[in-house]
Amino acid sequence: TARTALLSQCRKRRWELSGLLVYLAIALALTWPVILSPLSEIPIGSEPTASVPLYNIWATWWNADRLAGGLTGYWDSPIFYPTAGTFALMEPQPTTMLVAPFVWVTGSRILAYNVYVWLSLVLNGVFAQRLAKVYGMWPWAGLWAGTAMALLPIVHWQLGIIQLAPLWGILWAWSAIERLCRQPSRWRAVELGVAVATSFVMCMHHGLFLAFLLVGAAPTLWKQWINVRGLRYWGLALLVALLITGPFVYQVYRITTLHAIDWDTSLVTEMSAKPGDYLNSYGLQLLGSGPDKEYWMMLASGWIKYLLAIIGVIYGLAHVDTRRWSSFLLAIAALAFLLSLGPNLRLGTWQPWWWLSDHVPGFARVRSVLRFAFFVQLVVVVFAALGVTRLYQLCRDRVKRPKLQVATRWGVILLSLTALIDGFPKRGESASVTDVKQHGVWLEYVEEHTPPGEGILCLPVAPGPRVWQYLVTSEWMYLGTFHKVPIFNGYSSHFPQHYRSLRDQILAGFPSEDLLRQLYEGKVHFVVVRSAKGSPARDVVLGDYWLKRVCEDELVEVYEVGKSIP
């Protein structure tokens, strides 16, 4: 019967179904209490403010809005007005289109964002469990790997920067590589190309790192390269990846070449890891002490996982059936560790990172070099799962006395559970998002009275470069998803010169005749000001230009920018 067939299928998939429930429980628990108020609360991890999460809410909305519009004008997002192509100045994250139906059906950008956060954590676990299966590990070891991946400390440390959290594309790419090595075919080549491309468009930062690490680890797959007939499948995978990522690479390169500035070398050094950072974990540490001030970055996955991973590496390299992928992952981890040190890695007086910045496309735009550590933690978890598998096998095959065999097996199980606890991440902070209902009056006025082809300026602008100083800007961006009028302000990885110069003038003194002239000529129709935040008088006339208050409520005042007609 259909019921019997369904039950049989569920029994076959019980490990996968169990994993889904475990990963979802972890996602909800470690973002608590967001699940209690998913329409108004967002997780921010260890971020000092909600600046970055609010930007990502805005990006989630823009992807949903452009998907509904047939992707027309996708790169010309309504920030940094009137600069074109502004969506290429940041992480576009088109994979947030997965949650677009939540925006369309409920109208809640916050709910869609929260679902994307939870989905990312769950899929990290799902694809880790799948990778363990591809690598030949037992089902329960796959569940352990998925659980460890859903708990990955570095993800929860950086959860406020959600574009860094989805690692499932990387795990998918690794499993696709192994499958293609075992049985080359067109479909498996296409799968690999799509997986690599998904990793890139999901987070260009991770995608760039993944591409470089794959090239660096390629020699470990040398047996694949001497098979000339099989090279066509790898070529097909590369072609598929380039076809998908090409438009993104082109747009990002074109726009950032126009507007991006070079990072200060001291900033890049500060955002690079030190070896001691790999001893500190963002969470419970059963072994070792807490973070040292000198090593404030928390890049460890847990000491017990390290020990299990060492066992996994030894076993993986010693056996023919696991040697290929073990060598591949070990090369990735070693290279990622060295690269995460950035300028802190010195060979005499030579710093390899600056050479890479000059010669590897994209590396000159990298600021947070420490994020190579994500790949180190990924590999540690995979090898730790293999270590757990190997220890359990030893207890089963080498221990002959029944009672002792049972005891040692339970000892391995207890050790594996302890490894999950060691490095168990802290529950991150959450933040409430401004209630859009309180802004209804001015949002409606601006939406109805701003002429097509014109925009608005929102004050105050960010007074400095720090993340917390852009909180008000991110709030303006979020509110902009409701009135949908282009705004002069914006928050991104890079800032257009037009914005930087005008912002400096505003901070130097607003209003002034020259500023009003620039705003008027730049098609800024309204200036929106937070009430009681140093707003100008009711009517301001400076030379031929004027500001006139046309709308106000308890939170915001709206001024029209105009020019006197002789």
Side-chain angles (χ1 to χ4, degrees), residues 19 22-23 25-27 29-31 45-46 121 124-125 127-129 131-132 135 137 140-159 164-165 167-168 170-171 273-292 294-316 326 329-330 332-334 336-337 340 370-392 411-428:
V22 170
Y23 312 146
I26 289 172
L30 289 178
T31 56
S46 62
L121 297 176
N124 285 350
F127 277 84
Q129 188 174 8
L131 179 64
Y135 283 165
M137 298 183 204
W140 69 268
L143 179 60
W144 185 93
T147 303
M149 203 65 72
L151 292 170
L152 205 65
I154 196 171
V155 168
H156 293 276
W157 178 45
Q158 300 273 277
L159 193 60
L164 300 176
L167 303 174
W168 54 270
I170 299 170
L171 299 168
K274 298 178 181 178
D277 295 325
Y278 284 91
L279 305 179
N280 301 317
S281 178
Y282 180 72
L284 179 64
Q285 291 190 212
L286 299 181
L287 299 175
S289 58
D292 190 286
E294 184 181 356
Y295 304 109
W296 63 271
M297 300 177 191
M298 291 168 278
L299 308 182
S301 54
W303 275 96
I304 300 178
K305 293 188 188 73
Y306 282 157
L307 297 175
L308 290 172
I310 292 173
I311 297 173
V313 169
I314 295 172
Y315 175 80
S326 295
L329 290 187
L330 186 59
I332 284 182
F337 170 76
S340 71
L370 67 94
R371 291 173 183 166
F372 272 106
F374 278 85
F375 294 86
V376 179
Q377 285 204 15
L378 286 175
V379 174
V380 167
V381 167
V382 176
F383 276 126
L386 182 61
V388 169
T389 304
R390 179 54 179 163
L391 287 178
Y392 197 86
V412 172
I413 293 173
L414 180 61
L415 178 63
S416 66
L417 293 176
T418 306
L420 293 177
I421 297 173
D422 186 32
F424 194 94
K426 300 176 185 177
R427 180 168 57 85

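Only this structure's heavy atoms are used, side chains among them; waters, hydrogens and symmetry mates stay out.
By the ring-ring contact (aromatic ring centres under 6.0 Å, His included) test, Tyr135 is found to be paired with Trp325, residues two or more places apart in sequence or in another chain being considered. Applying the side-chain hydrogen bond (donor to acceptor under 3.5 Å, both in side chains) test to Tyr278 and every residue at least two apart in sequence or in another chain returns Ser340. Applying the side-chain hydrogen bond (donor to acceptor under 3.5 Å, both in side chains) test to Thr31 and every residue at least two apart in sequence or in another chain returns Trp118. Listed by chain and number, the residues in a ring-ring contact (aromatic ring centres under 6.0 Å, His included) with Phe383 amount to none (sequence neighbours excluded). Considering only residues two or more places apart in sequence or on other chains, Ile310 meets the side-chain contact (heavy atoms from CB on, under 4.5 Å) condition with Ile314.
Here CG of Leu164 is found 4.5 Å from CZ of Phe374. Values are rounded to the nearest 0.5 Å. Within the model, atoms CG of Leu284 and CZ of Phe424 stand 9.0 Å from one another, a figure rounded to the nearest 0.5 Å. One finds the OG1 atom of Thr389 at 10.0 Å from the CG atom of Leu308 (value rounded to the nearest 0.5 Å).
Side-chain atoms of Asn280 do not come within 3.5 Å of backbone N or O of Asp277 as any donor-acceptor pair. Between the side chain of Ser281 and the main chain of Gly302, no donor-acceptor pair closer than 3.5 Å is present. Lys305 places a side-chain N or O within 3.5 Å of a backbone atom of Ala419 that can act as its donor or acceptor partner. Under a 3.5 Å cut-off, the side chain of Lys426 and the backbone N or O of His156 do not form any donor-acceptor pair.
Between Met137 and Val382, the shortest heavy-atom distance links the atoms CE-O, 3.5 Å. The nearest pair of heavy atoms linking Tyr282 to Ser46 is OH-CB, 3.9 Å. Contact record, Val388 with Val412: O-CG1, 3.9 Å, taken as the closest heavy-atom pair. Heavy-atom minimum distance, Met298 versus Gln377: O-NE2, 4.5 Å. Closest approach of Val376 to Ala333, counting heavy atoms only: CG2-O, 3.8 Å. The two residues Leu171 and Asn124 make their nearest non-hydrogen contact at CD1-O, 3.5 Å.
Using cut-offs of 30° and 60° on the angle between ring planes, the pair Tyr306 and Trp303 is perpendicular.
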Let me check something: any side-chain donor-acceptor pairs from residues 140-155 under 3.5 Å, sequence neighbours excluded? List them with distances.
| residue | atom | partner | partner atom | Å |
| --- | --- | --- | --- | --- |
| Trp144 | NE1 | Ser416 | O | 2.8 |
| Thr147 | OG1 | Leu143 | O | 2.8 |

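Two residues are said to be in side-chain contact when any heavy atoms from C-beta on lie closer than 4.5 Å; Leu121 and Ile26 fail this criterion.
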Under the side chain to side chain contact (heavy atoms under 4.5 Å, CB included) criterion, do Ile170 and Phe127 qualify, and how do the steps go? CA-CA 9 Å; Ile170 299 170; Phe127 277 84; over 6 Å; no
Derivation and outcome, side chain to side chain contact (heavy atoms under 4.5 Å, CB included), residues Ile304 and Ile421: CA-CA 9 Å; Ile304 300 178; Ile421 297 173; over 6 Å; no
For a side chain to side chain contact (heavy atoms under 4.5 Å, CB included) check, start with the C-alpha distance between Leu131 and Trp168, then their side-chain angles and the critical distance, and finish with the verdict. CA-CA 10 Å; Leu131 179 64; Trp168 54 270; over 6 Å; no
